[in-house]
Amino acid sequence: MYDQSKLSELIRFARVDAGSTVIDVYPGDGDWTRLFSDIVGPEGRVYSFVPAEVADFKNDPVGRMRTLAREPGRENVEAVSADLVAMTEATQPADVLWLHLFYHDLHTALIQARGATAADFNRAVYKRLKSGGSYVIVDHAAAIGAGTSDAPTLHRIEPASVRKEAEAAGFVLDAESTMLANKDDPHSIKVFDPSIKGQTDRFAYRFVKP
């Protein structure tokens, strides 16, 4: 999805280092889990966390991550699945929680069907991170003023809404990046539309647990 320079910059932005414990939430194909596994090394740990809310998808996301964890050299990866708000019971205290193109889904009926809300999830993240730990969110930007209203339809969310919700849980904004910004994105079309897919205007926030 990203060229090597952007990958490197995102990893630096996330502050993932050798020995880190990372929780990769909704890992998809596992690309980020693999990258983090390589970086944290044998002294680190990566939890490839599949929310129970999506565990029944036809592509078997849990099975795929369990297969990934059995790849040679992936002894530091553990595939886990639980309700989003039960993440604290399925993982250990972490240095980094990584959320890539998923935060907006917290405002959809699919995710909320089992009782999870953005506020609940953010509190769970706060509880699970170590003091000084990083909560990193990368997502598709919605238009200014849209708030969370475009999440179920366009799969976008206004950055200001994400910041407000994370700060309400006790997090402090530590850094933001425009490395994935695209001023030519009209913000009015679904992120899967061929005219914008892979090129959406994206924001990156790094929050810290004090």
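These values consider heavy atoms only, across backbone and side chains, with no hydrogens, waters or symmetry-generated copies.
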Checklist entry - Going by the angle between their ring planes, with limits at 30° and 60°, are Y135 and F207 parallel, tilted or perpendicular? => result tilted
Checklist entry - Hey, what else clusters with I189 if you join Ile, Leu, Val, Met, Phe, Trp, Tyr whenever side-chain heavy atoms sit under 4.5 Å? => result I196
Item to check | Cation over ring face, R163 and Y205, 6.0 Å, 45° | outcome: no
Item to check | Nearest atoms (heavy-atom pairs only) where V62 meets A55 | outcome: CG2-CB, 3.8 Å
Next on the checklist: Side chains of N122 and Y103 only: does a donor on one sit below 3.5 Å from an acceptor on the other?
Outcome noted: yes
Next on the checklist: Using a strict threshold of under 4.0 Å (side-chain N to carboxylate O), is an ion pair present between D38 and R74?
Outcome noted: yes
Item to check | Aromatic plane relationship, Y2 with H100 - under 30° parallel, 30 to 60° tilted, over 60° perpendicular | outcome: perpendicular
Item to check | Side-chain donor or acceptor of R206 paired with backbone N/O of F13 under 3.5 Å | outcome: yes
Checklist entry - Is there a side-chain contact between L106 and L84, using heavy atoms and a 4.5 Å cut-off? => result yes
Checklist entry - Any idea how W98 and W32 line up, ring-wise: parallel (<30°), tilted (30 to 60°), or perpendicular (>60°)? => result tilted
Next on the checklist: Is any side-chain heavy atom of I111 closer than 4.5 Å to one of F121?
Outcome noted: no
Checklist outcome for this item: Given the options V80, D24, V25, L97, Y47 meets side-chain contact (heavy atoms from CB on, under 4.5 Å) only with V80
Checklist outcome for this item: When every non-hydrogen atom of A69 is compared with those of A79, the smallest separation belongs to CB-N, 4.5 Å
Item to check | Cluster check L110, F49: I/L/V/M/F/W/Y, side chain < 4.5 angstrom | outcome: yes
Checklist entry - Are any non-hydrogen side-chain atoms of M87 and K127 less than 4.5 angstrom apart? => result no
Checklist entry - Quick one: does R128's side chain get under 4.5 Å of V125's, heavy atoms only? => result no
Next on the checklist: For R66, I'd like to know if atom CZ has over 12 heavy atoms of other residues, nucleotides or ligands within 6.0 Å.
Outcome noted: no
Next on the checklist: Looking at every heavy atom in both A169 and Y126, which two are closest together, and how far apart are they?
Outcome noted: O-CD1, 3.5 Å
Checklist outcome for this item: Exactly one of D56, V50, D29 clears side-chain contact (heavy atoms from CB on, under 4.5 Å) with P61, and that residue is V50
Checklist entry - Is there a donor-acceptor contact under 3.5 Å from the side chain of R45 to the main chain of T21? => result no
Next on the checklist: I need the M179 CE to R12 CZ distance, nearest 0.5 Å.
Outcome noted: 8.5 Å
Item to check | S8 side chain vs Q4 backbone, donor-acceptor pair below 3.5 Å | outcome: yes
Item to check | Point-to-point distance, once rounded to the nearest 0.5 Å, from CG of D17 to CD1 of I11 | outcome: 10.5 Å
Item to check | Side-chain touch D139/V162, heavy atoms, less than 4.5 angstrom | outcome: no
Checklist entry - Can you check whether V96 reaches F36 side chain to side chain, under 4.5 Å on heavy atoms? => result no
Checklist entry - Measuring from L7:CG to L35:CG, what's the distance to the nearest 0.5 Å? => result 6.0 Å
Next on the checklist: Between T200 and H155, is the side chain to side chain contact (heavy atoms under 4.5 Å, CB included) condition met? List the steps.
Outcome noted: CA-CA 11 Å; T200 53; H155 295 272; over 6 Å; no
Checklist entry - Does L10 reach the side chain of V136, with side-chain heavy atoms less than 4.5 Å apart? => result no
Item to check | Nearest-0.5 Å distance that lies between atom CD in E165 and atom CD1 in I157 | outcome: 5.5 Å
Next on the checklist: If you compare all heavy atoms of A151 against all heavy atoms of T108, which two are closest, and at what distance to 0.1 Å?
Outcome noted: O-CG2, 4.0 Å
Item to check | Step-by-step side chain to side chain contact (heavy atoms under 4.5 Å, CB included) determination, R202 to L101 | outcome: CA-CA 9 Å; R202 300 175 188 181; L101 307 182; 3.9 Å; yes
Next on the checklist: Can you tell me if Q92 has over 12 outside heavy atoms packed within less than 6.0 Å of its CD?
Outcome noted: no
Checklist entry - Which atom pair, heavy atoms only, marks the closest approach of P27 to S48? => result CG-OG, 3.1 Å
Next on the checklist: Within this structure, what is the CG-OG distance for the pair D150 and S188, rounded to the nearest 0.5 Å?
Outcome noted: 9.0 Å
Item to check | Heavy-atom neighbours of K197 NZ exceed 12 at 6.0 Å | outcome: no
Checklist entry - With hydrophobic residues grouped by side-chain heavy-atom distances under 4.5 Å, do L129 and I137 end up in a single group? => result yes
Next on the checklist: Looking at D201 and N182, would you say the former's side chain and the latter's main chain have a donor-acceptor pair under 3.5 Å?
Outcome noted: yes
Item to check | Any I144 side-chain heavy atom under 4.5 Å of E158 side chain | outcome: yes
Item to check | Side-chain donor/acceptor of D120 to backbone N/O of A116, under 3.5 Å | outcome: no
Item to check | Donor-acceptor contact present, side-chain D3 to main-chain S5, <3.5 Å | outcome: yes
Checklist entry - Are any side-chain N or O atoms of E53 and backbone N or O atoms of R114, one a donor and one an acceptor, separated by less than 3.5 Å? => result no
Checklist outcome for this item: Heavy-atom closest pair (V22 atom, V16 atom, distance to 0.1 Å) is CG2-CG1, 3.9 Å
Checklist entry - Looking at H140, R156, Q199, which hits side chain to side chain donor-acceptor pair (under 3.5 Å) with D185? => result R156
Item to check | Spacing of N76 atom CG and S20 atom OG [to the nearest 0.5 Å] | outcome: 11.0 Å
